[in-house]
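Step one of this worksheet: look at the structure below.
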Amino acid sequence: MSSSKTSPPQRSRRRRVLKTGLGIVVSLLCLGWVVSSVEQESFLAALRNADIVFVLAALLTTLYSYVLRAWRWPFFFGRQAPGFYDSFRCLIIGFFMNNVLPARMGEVVRAYLGGKATKQSGTIVLATVAAERLADGLVISLLFAIFFSFSSHPDEIARAKEIYFVAYLFLAATLLTFLVLLVRQRIFTFLEHLGEIMPGHLSSYTLIRVKRFILGLEPLLRPSRLLILGAFSLAVWLIELLVYYEVAVAFGQEMTLGALSLFLAAVNFSSLIPAAPGGIGVIEALATFALVRIGVDKETALAMVVTQHLIQYLVVGAPGTFFFLFHLGGRFVDAAAVEELEQEEEAPDMMMADVSQARPALINQPLSFEQRTMAADALSTAVPVAFDFSIIIPAFNEESRLPKTLLAVLEYTKKRPESFEILVVDDGSSDNTAKVALQFSELSPEVKLLTYPNNRGKGYAVKFGVTNARGRIILFDDADGATPIEEIERLEEAVLGGAQIAIGSRAMFSKHTAVETVWYRKYIGRIYNGIVNMLILPGIADTQCGFKMFVGPAARSIFSRTFSERFAFDVEVLFLARKLGLKIVEVPVNWTNIPGSKVNLARDSLAMFVDILKVRLRDAFGAYGRISHEDFLKESRP
């Protein structure tokens with residue numbers, strides 16, 4: 001099987017590189033701003049004059065807080081909790097990776113390693129990490145709200161409104177989390193229903209991960225567990241508050257509990273902002289700004305923040321380096337590789353789905369040799385034919401893209417024992433499309449040119465091809481070759497399994513296929529297909545992929561009834577197939593966006609929407625007649 005040029009993990013790595021670059025830019029801007037705002041000599045003098053005894057005390061206290069966190073983490077789990085050593089190892093590696101990977105991807109690495117240690121889904125473990133972060137944010141918010149509100153002047157409280165806002169967000173997130181847990185079964189039912197109606201928007205793999213994530217939060221519903229976690233979390237952050245006190249004393253600052261809680265909240269909340277690994281620059285800028293607002297001079301404030309940040313790096317860095325070398329073999333864990341492994345281990349292998357009805361049914365079992373033989377025999381005797389396969393390639397002004405596609409198709413068909421005809425339908429092109437097809441037909445008798453004077457649209461071109469096709473199985477394939485011709489085997493498997501129609505899908509998840517496209521086409525396509533799902537064809541993930549296979553009688557029966565001549569014809573074809581009671585199977589395929597598309601997203605999207613409504617109106621006013629599976633059976637008899 002052929003695959004697209006770029007796999008999902010490669011695209012994930014590209015996105016990660018982009019995020020890293022943007023994060024570094026944010027960090028550099030913040031560093032530039034904070035460094036330019038302080039007097040360099042005074043800043044260095046503050047660092048030199050710091051009391052090393054209190055700095056060392058802060059370092060040891062920080063280490064103890066991480067030990068306490070490692071004791072706490074197992075209580076976020078259900079039955080399969082990690083032991084202390086695994087908990088400490090995963091926690092330290094996670095924080096260590098946060099310092100070397102962007103966007104706090106160390107949390108994903110920690111979840112993956114925790115899943116390995118406890119032999120359960122990484123998604124469930126990730127939920128425990130998220131719950132831990134929520135607990136931390138809530139406790140920090142409460143400490144800040146209580147200590148700062150009761151020990152600060154009203155003017156200081158007004159100047160810290162941004163931190164109050166973040167504290168309120170954590171409170172809201174906590175309430176929302178418990179609400180989700182309380183109504184989780186309803187959420188599961190709704191998501192499953194949505195996935196059935198609009199499968200391209202919510203894959204089975206996504207549903208599995210959402211369910212597992214919510215289930216990973218279920219221990220929070222146990223009152224006894226909540227008390228234990230609350231006590232642990234309060235202890236962790238009171239110890240951290242002691243760290244900030246020791247740092248403040250090291251720089252000669254006598255700070256109230258309210259000021260210390262502000263220091264604590266400013267550092268930890270600023271680390272949530274996407275930036276370079278470790279939050280370098282952002283923490284220095286925002287935490288320094290917060291301290292200055294309560295009366296600490298800029299140079300001392302920056303020195304305090306830098307010292308606290310370095311302590312965190314040292315406490316995590318020393319054991320993190322040990323675990324990195326001896327448990328990870330000195331290799332950085334690639335977040336994209338983690339995602340790929342999660343998919344390999346957790347995702348269902350969605351080979352295809354029966355979408356004959358509004359609720360699709362997954363087909364995960366490959367056909368046996370006997371099943372394939374029986375299906376092929378039954379299919380071959382259905383109607384008299386001249387070829388095993390007819391491949392229809394509609395083409396409008398495709399002189400530049402058609403040659404490569406025809407070469408690939410011819411190269412592939414020559415490797416197969418079956419007979420093929422390749423019908424190039426020139427849809428009234430104004431360039432040399434017809435000339436290119438004729439040149440190929442002179443070299444290869446399998447290639448035939450069908451043409452008519454004026455441009456009618458892709459739907460008419462395919463219909464014209466079907467009318468002239470003499471194959472037992474009919475496939476139409478776009479002239480750009482976006483779907484490799486080798487993918488015909490995936491569709492053929494579905495037809496041999498009893499499907500009358502097999503449609504390629506770019507929206508169904510599969511571990512064995514990849515889709516390479518530009519982001520705006522992906523989202524516009526999803527919006528369009530969502531409209532199709534809601535208005536006319538629920539349960540089909542991708543109606544528009546230009547790679548569809550029909551048994552001959554099904555193709556002739558459907559296209560003899562179609563009216564749509566342009567891009568929305570796929571919807572009408574599938575709509576009629578359901579009315580005729582035909583078995584439709586959707587199959588994930590490899591697909592690559594090829595430049596030079598004739599679809600104008602701004603102009604054609606509206607026209608396609610209007611065409612969808614026309615299909616509905618034709619059906620409502622009886623233009624298709626009262627058709628059923630019996631009509632198909634009558635028409636398909638020899």
Side-chain angles (χ1 to χ4, degrees), residues 57-96 98 104 106-107 110-111 113-115 117-118 120 124-147 166-167 170-171 173-178 181 213-246 257 260-261 263-265 267-269 271-272 308 311-312 315-316 319-320 323:
L59 192 145
L60 291 174
T61 307
T62 301
L63 178 60
Y64 180 64
S65 78
Y66 277 94
V67 172
L68 200 58
R69 292 184 202 208
W71 275 331
R72 176 185 62 166
W73 191 34
F75 288 97
F76 284 98
F77 286 76
R79 295 177 181 176
Q80 297 170 273
F84 173 77
Y85 177 76
D86 283 331
S87 177
F88 185 75
R89 175 176 62 88
C90 293
L91 182 140
I92 290 296
I93 290 176
F95 278 95
F96 178 78
N98 274 340
R104 298 187 69 90
E107 314 290 21
R110 175 182 169 189
L113 296 175
T118 58
Q120 59 185 317
I124 291 177
V125 181
L126 185 62
T128 69
V129 177
E132 182 189 84
R133 289 288 156 270
L134 192 62
D136 289 340
L138 185 61
V139 171
I140 293 171
S141 299
L142 290 174
L143 290 175
F144 168 72
I146 294 170
F147 292 148
V166 178
F170 269 106
L171 177 60
T174 302
L175 294 175
L176 180 62
T177 299
F178 280 97
L181 286 172
F213 188 86
I214 294 176
L215 291 173
L217 297 172
E218 280 191 344
L220 297 179
L221 291 175
R222 304 176 193 172
S224 59
R225 189 66 60 88
L226 272 181
L227 287 174
I228 295 171
L229 290 172
F232 261 115
S233 300
L234 183 61
V236 166
W237 290 103
L238 285 175
I239 290 170
E240 283 286 337
L241 199 63
L242 178 59
V243 172
Y244 286 78
Y245 168 76
E246 290 164 341
L257 272 177
L260 288 172
S261 66
F263 188 10
L264 174 76
V267 168
N268 285 278
F269 288 168
S271 69
L272 300 175
Q308 192 280 333
I311 287 171
Q312 293 289 334
V315 169
V316 171
F323 290 129

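Scope of the values below: all heavy atoms of this structure, side chains included, with no hydrogens, waters or symmetry mates.
- Atom CG of Leu221 sits about 4.5 Å away from atom CG of Leu181, to the nearest 0.5 Å.
- Within the 4.5 Å cutoff, the side chain of Leu143 has heavy atoms near those of the Leu234 side chain.
- When Thr61, Val236, Ile140, Leu260 are each tested for a side-chain contact (heavy atoms from CB on, under 4.5 Å) with Leu241, only one passes: Leu260.
- Within a 6.0 Å radius of OH in Tyr244, other residues, nucleotides and ligands contribute more than 12 heavy atoms.
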Practice prompt. Test Phe323 against Cys90 for side chain to side chain contact (heavy atoms under 4.5 Å, CB included), laying out the working first.
Written response: CA-CA 9 Å; Phe323 290 129; Cys90 293; over 6 Å; no
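- The minimum heavy-atom distance between Ala131 and Leu217, with the atom names listed, is CB-CD2, 3.8 Å.
- Between Phe84 and Val67, some side-chain heavy-atom pair lies under the 4.5 Å cut-off.
- For the pair Arg69 and Trp237, the cation sits on the ring face: its NZ or CZ lies under 6.0 Å from the ring centre, inside 45° of the axis.
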Fill in: Steps toward salt bridge (Lys or Arg N to Asp or Glu O under 4.0 Å) verdict (Glu218, Arg225)
CA-CA 10 Å; Glu218 280 191 344; Arg225 189 66 60 88; over 6 Å; no
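- In this structure, Phe232 has its ring center under 6.0 Å from that of Phe75.
- Phe96 contributes atom CZ, which lies 14.5 Å from atom CZ of Arg89 (distance to the nearest 0.5 angstrom).
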Discussion item. Is there a side chain to side chain contact (heavy atoms under 4.5 Å, CB included) between Arg72 and Asp136? Walk through the geometry before answering.
Written reply: CA-CA 11 Å; Arg72 176 185 62 166; Asp136 289 340; 2.7 Å; yes
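- In this structure, Leu134 CG and Ser141 OG are separated by 9.5 Å, a value rounded to the nearest 0.5 Å.
- The line from CD of Gln312 to CG of Asn268 is 7.5 Å long, rounded to the nearest 0.5 Å.
- With contacts defined as side-chain heavy-atom distances shorter than 4.5 Å, the pair Tyr245/Leu257 does not qualify.
- Between Ile239 and Ser65 the shortest heavy-atom distance is CG2-CB, 3.9 Å.
- Within the 4.5 Å cutoff, side-chain heavy atoms of Phe178 are placed close to those of Leu226.
- For Ala167 against Phe269, the heavy-atom pair with the smallest separation is N-CE1, 4.2 Å.
- The environment of OH in Tyr64 is sparse: at most 12 heavy-atom neighbours from other residues, nucleotides or ligands sit within 6.0 Å.
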Practice prompt. Determine, stepwise, if the pair Val129 / Trp73 fulfils side chain to side chain contact (heavy atoms under 4.5 Å, CB included).
Written response: CA-CA 8 Å; Val129 177; Trp73 191 34; 4.0 Å; yes
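- With rounding to the nearest 0.5 Å, the separation of CG in Leu91 from CD in Glu132 is 6.0 Å.
- Residues Gly216 and Pro219 come closest through the heavy atom pair O-CD, 3.5 Å.
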Worksheet item: Passes side chain to side chain contact (heavy atoms under 4.5 Å, CB included), Leu220 versus Phe76? Steps please.
Response: CA-CA 7 Å; Leu220 297 179; Phe76 284 98; 4.3 Å; yes
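- No side-chain heavy atom of Phe147 sits less than 4.5 Å from a side-chain heavy atom of Leu264.
- A distance-only check finds no donor-acceptor pair linking the side chain of Ser233 to the backbone of Gly230 [under 3.5 Å].
- Heavy atoms only, all atoms of each residue included: Ala58 and Ile311 are closest at CB-CD1, 3.7 Å.
- Each of Asp86, Ile93, Thr118 was compared with Leu113 under the side-chain contact (heavy atoms from CB on, under 4.5 Å) criterion, and only Ile93 meets it.
- For Trp71 and Ser87, the side-chain atoms include no donor-acceptor pair closer than 3.5 Å.
- Here the CG-CG distance, from Leu59 to Leu63, works out to 7.5 Å after rounding to the nearest 0.5 Å.
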